[in-house]
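What follows is a short report on a single structure.
Labels below follow one simple rule: chain letters A, B, ... track the order of the sequence lines, proteins then strands, and each chain is numbered from 1. These numbers come from a predicted model, not from an experiment.
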Amino acid sequence: MAGLNDMQEQACEHVDGPLLILAGAGSGKTRVITHRVAYLMEHEGVNPLNILAITFTNKAAREMRERVDLIVGDGADRVWVSTFHSLCVRILRRYADKIGYGKNFDIYDSDDQKSTVKSILKDFQIDPKRYPEKMFMAEISKAKEKYLSPDEFAKKNAADYAGTKAAEVYTEYQSRLKKNNAMDFDDLIYKTVELFEHNPDVLDTYQNRFRYIMVDEYQDTNHIQFLLVKMLARKYRNLCVVGDDDQSIYKFRGANITNILNFEKEYEDAKVIKLEQNYRSCGNILAAANAVIQHNAGRKDKALWTDKDAGEKISFEQCDSEYAEGDMVASRIKTLVRQGVDYRDIAILYRTNAQSRVLGEKMVYANIPYRVYGGTNFYARKEIKDVLAYLKVINNSTDNLYFRRVVNVPKRGIGEASLSKVESFADAYGLSMMDAAARADEIPGMAAKTSAKIRQFAELITSFRDMLADGESLDSVYDRILEDTGYESELIAEHTEEAMTRLENIDELRNKVVEFTEDNEEAGLSEFLEEIALVSDLDAMSEDDNQVKLMTLHSAKGLEFPYVFICGMEDRVFPSGIALNSDDPDALEEERRLCYVGITRAMKKLYLSAAKERMMHGNRVYSDVSRFIREIPPMLFEHEADMKNMAKRRESESVDRYNRGEGRRDAYGSSYGDTYAGYGGERTAGAASGRSYGQKNPYSSYAKQQSYGQPSSQPSFGKAFVVNSVGKPDYAVGDRVRHIKFGPGTVEALEKGDKDYEVTVNFDRCGVRKMFASFAKLKKCE
DNA sequence: GTGGTGATAGTTTTT
DNA sequence: CTATCACCAC
C-alpha cells in the first residue's frame, strides 16, 4: 500500500479478529485507520455500511471522514464515523422507547446536571456546604462509568453515611431525568448498554451492522465504553483499537488505562502492532519527549524514533512574571512571522484555561491575530443557553428545567412561589410545566394577575410552535423569538460591553441556525438541537483563519503544529498543585503524560517558558521551574550551560536547605509537607525582601502556622512537620477539638496514612473536613 | 417578586 | 480575582 511503512501496512491488512495498534505520538495513527478503512472496502470488498469508526471528538471524526473520502472516494460517506456519544444518541433516538424513554429525549449538559442536583439537595435538605453538588455529580458520573445502577450503587455504599446520601441523590437524580425525558452525557452510553443488555434483538441488529469496528484513542475509554465496544464486537470480533498508553490524560474523567493495557488478556488471539516511528517531530523534540515520559513507571515499553534531523534546539526561558512571559512569547512569534512563518502554524499551550487571559491580552498588545479555543464553551454561555432553552421548550420538550430557565427571562413577574404552584399542578395531573402553564387559570390558589402572566407566556410559546408548524423557516422563527420575547431589546437597552458581546454571540448562534438549515433542508428544530448538543467550539477549529491558536494541553491532543509554545512550566502550575499534593502517585504520572502530549505536538520547534511569580487565585505566588524541565537533558536546550547551571543551583540549594533542617521535605516527600513547607520557605524569603503577601491566602496562613506556631527552637519548616507527623494526635474519635481557622468541631474519624494521620472533623461552623493531623493543628478541648 | 448589597468560597483538564 | 449566594429593603 502506498506511502506506508511495514508496520503500518501490517496494521491495515489485518482484517479478521482483534487487533491492537499501539501507536506512539505522531506515528501516523490516523493514516493507518483511514487506510485500513480503505483496504477493507477496496481489497476485502467490505460494505462501507458495515464499518464503524469511533473517535473521541467530533473534530477527529470529521477529519477522519474527510481523509477516508480522499482515499476511497466512492462510498466513504456510508462508513459510520462518529464519537461514542453521537453513536449512542443515534441508537437511542431509535430505540429509547424500549427502555422507557421518549425518543425525543433532551440531552443535559453539565450545567443542567448541576441545577438538577442542586434542586435535589434543596429538597433533601442536604447542606451543599457540607456536601457540595460537585461531589454528587462526580459520584453519579463515576457510578455510571462503572455501569452501576442506583440500586447497585446504594448496595455498594450502604456502609457510610455519605455513600448512602450519594445513593439517594443518584436515585432521585435518575428519576427526575427520566421524568423530564432527559439524559446526561454519561446516560447516553449507559442507556445504550442497558438497551443492548435487555434487548438482544436490538444488539444483534447492530452487531450485524457493525461487522468491523475501530476505536481511536482507546487509552481514553472508560469502563462503560469498554463494555459497549465489547458488546458490539462480540459476534464478529473484528475489533481494532488504536491508542497509546503514554497519551492517556483523561483519567480524571474516568478513562481506564487498563482497557488498553489488558486488551491482550481480554482478546487472547489479538494481534499487536507497535508503531514507533515518529513522522512529526524533529530529533531534539522527540528526544525531550522520550526523556520526560521515561520517568513514568508502569508503561508499555516503547521508544519513538525518527529519521528526521535533530532540528532546532529547544528554547527555555524563565520570565519574571506571567506578563513578561506573555511578552516574551509575543516577541518570539513576531520574530517567527518576520522569518516567514504563518500565524496558523503556531500554537500556545497551557495547563489551565485561566492562563489564556494574560496570553490573549499580550497577543492583542502585539497585534498578533489569535483565537482562544476551549474555555467557556460557546454553547455553555448564558445567553446561548437561554435562547437554546427557548428553542427546547418550543420543540415540545416536556422538560421542566428548560421551562423554568426561560419562563421569567426576560423578567415577566413570574416568581418562584408561582412556579412551584405550577409544578405541583403539573405533577398532580401528569403534565409538563409547559402544559400546566397553558391552563394556569385552573391552578388553585393563584392570583388572576399571575395566572394571566403565565398563560401569556404559554401563548407566546405556542405562537412560535404554530409558526414552525406553518412551515416558517427556523431562522425567521429564531428572529421572532428574540424580538417577541423582548430578550434582544433588553440586551440592547443595557448598553454595556458585555451585552454587546452577548448580542454578538446570539448572532453567531443565528449563523449556525442558517448554516444548519442550508446544509440539512429536510431537518427541523429537533434535528438542529440534537446537532449542537454534542459539539464544542473546539470542533469548529478551522484551517482557514491565519491565527495563532491558544488552547489547553488537553485540547491539543491529536493536533500538531510546526511551532509550539508551552507556557507556565512551573511546579504547581504544570504539574498542577493538585497533582503534586495528591497521594495517588499516578496523578503526577498523568501530568507527565500530559507534558509528553504537549511536547510531541511540536514539529519544528518547541518553546518552553516559566514565570518566577504569577497571580494565582488572587495571590502572588512564587514558583520553581517545573520538574518536567529538569527531566529534559540540558544538551537538548539552546542554552545548554544555563540549564546545567540551573540544575546545579537547585542541587546546592536543596543541600543548603537540608543543612538548615528544611531539606527533609525531600526525604519525606509527603504531599502536604512538600507544598506547605515550600510555601513557608518562599514566604519568608519574600517577606525579607519586603514583598507583601495576601493574608487571605490559605497557603500562607498555613505556612505561618507552620513556621511560627511551633515550639521548635529553629525556624525549620520541614523538620517541624516531620516531627509532628510521626506522633499520634492526642485526641481520638468523638473528642471535641478546636481548629485555628475552622473553630470548634467533633472528631469523626482518625486514620493512619503512610506518613501522617488523616483526621475527619465535623466542624460546627463549616461542616465535615478531612485533613492531615500534622497540619490541622487541632487542639483538644477539655 | 425584584433588585441591590455584601459576604464568601472556590478556582485542572472536558465528550 | 471572580462567580455565586444569602440576605435585606423596596
- Task: Report the C-alpha distance between A:Ser110 and A:Gln113 in whole Å, list the side-chain angles of each, state the deciding distance to 0.1 Å, and finish with yes or no for side-chain hydrogen bond (donor to acceptor under 3.5 Å, both in side chains).
- Result: CA-CA 5 Å; A:Ser110 53; A:Gln113 231 177 87; 5.9 Å; no

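- A donor-acceptor pair is defined here as one N or O able to donate and one able to accept, closer than 3.5 Å; no such pair exists between the side chain of A:Asn256 and the backbone of A:His223.
- Here A:Asp220 lies out of heavy-atom contact (under 4.0 Å) with every strand.
- Using a 4.0 Å heavy-atom criterion, one finds that A:Phe252 contacts the bases of the nucleic acid, with or without backbone contacts as well.
- Of the P atoms belonging to C:dA6 and B:dT11, the separation is 16 Å, rounded to the nearest Å.
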What protein N or O atoms touch nucleotides 5-10 of chain C N or O atoms at under 3.5 angstrom, if any, and at what distances?
unit_1, atom_1, unit_2, atom_2, d
C:dC5, OP1, A:Lys118, NZ, 2.4

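- A close approach under 4.0 Å does occur between a side-chain nitrogen or oxygen of A:Asn353 and OP1 or OP2 of B:dT14.
- Atom-to-atom, CD of A:Glu570 to P of B:dT12 comes out at 16 Å; the value is rounded to the nearest Å.
- A:Arg620 places its CZ atom 10 Å from the P atom of C:dC1, with the value rounded to the nearest Å.
- Side-chain atoms of A:Glu322 come within 3.5 Å of backbone N or O of A:Met615 as a donor-acceptor pair.
- To the nearest 0.5 angstrom, A:Lys382 atom NZ is 11.5 Å from A:Asp111 atom CG.
- Side-chain atoms of A:Asp320 do not come within 3.5 Å of backbone N or O of A:Ala611 as any donor-acceptor pair.
- The NZ atom of A:Lys122 sits 14 Å away from the C1' atom of C:dT4 (whole-angstrom rounding).
- In this structure, CD1 of A:Ile249 is placed 9 Å from P of B:dT14, rounded to the nearest angstrom.
- Considering only side-chain N and O atoms, A:Thr552 lies under 4.0 angstrom from the phosphate OP1 or OP2 of B:dT14.
- Taking side-chain N and O atoms only, A:Thr57 has no distance below 4.0 Å to OP1 or OP2 of B:dT14.
- One can place CD of A:Gln225 at 12 Å from C1' of B:dT14, the figure rounded to the nearest angstrom.
- Across all strands, A:Lys382 comes closer than 4.0 Å to no nucleic acid atom at all (heavy-atom distances).
- The separation between A:Phe574 atom CZ and B:dT13 atom P is 13 Å, rounded to whole Å.
- Regarding A:Leu588, its CG atom lies at a distance of 18 Å from the P atom of B:dT13, rounded to whole Å.
- In this structure, A:Phe84 does not count as stacked on the base of B:dT15 under the 5.5 Å centre distance and 30° plane angle limits.
- Rounded to whole Å, the separation between the P atoms of C:dT4 and B:dT13 comes to 15 Å.
- A:Thr552 OG1 to A:Lys557 NZ: the interatomic distance, rounded to the nearest 0.5 Å, is 11.5 Å.
- Listed by chain and residue number, nothing satisfies the side chain to side chain donor-acceptor pair (under 3.5 Å) test with A:Thr501 (two or more places apart in sequence, or in another chain).
- Residue order along DNA chain B, read from the 5' end via each residue's closest nucleotide, puts A:Lys134 first among A:Arg253 and A:Lys134.
- Counting only distance, with no hydrogens or angles, the side chain of A:Lys251 and the backbone of A:Ile257 share no donor-acceptor pair below 3.5 Å.
- Atom CD of A:Gln355 and atom C1' of C:dC1 are 15 Å apart (whole Å).
- Under a 3.5 Å cut-off, the side chain of A:Asp586 and the backbone N or O of A:Glu589 do not form any donor-acceptor pair.
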- Message: Walk along nucleotides 1-6 of chain B from 5' to 3' and tag each nucleotide B, S or - by protein heavy-atom contact under 4.0 Å, base first, then sugar-phosphate.
- Response: SSS---

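- Going from atom OG of A:Ser623 over to atom NZ of A:Lys612 covers 12.5 Å, rounded to the nearest 0.5 Å.
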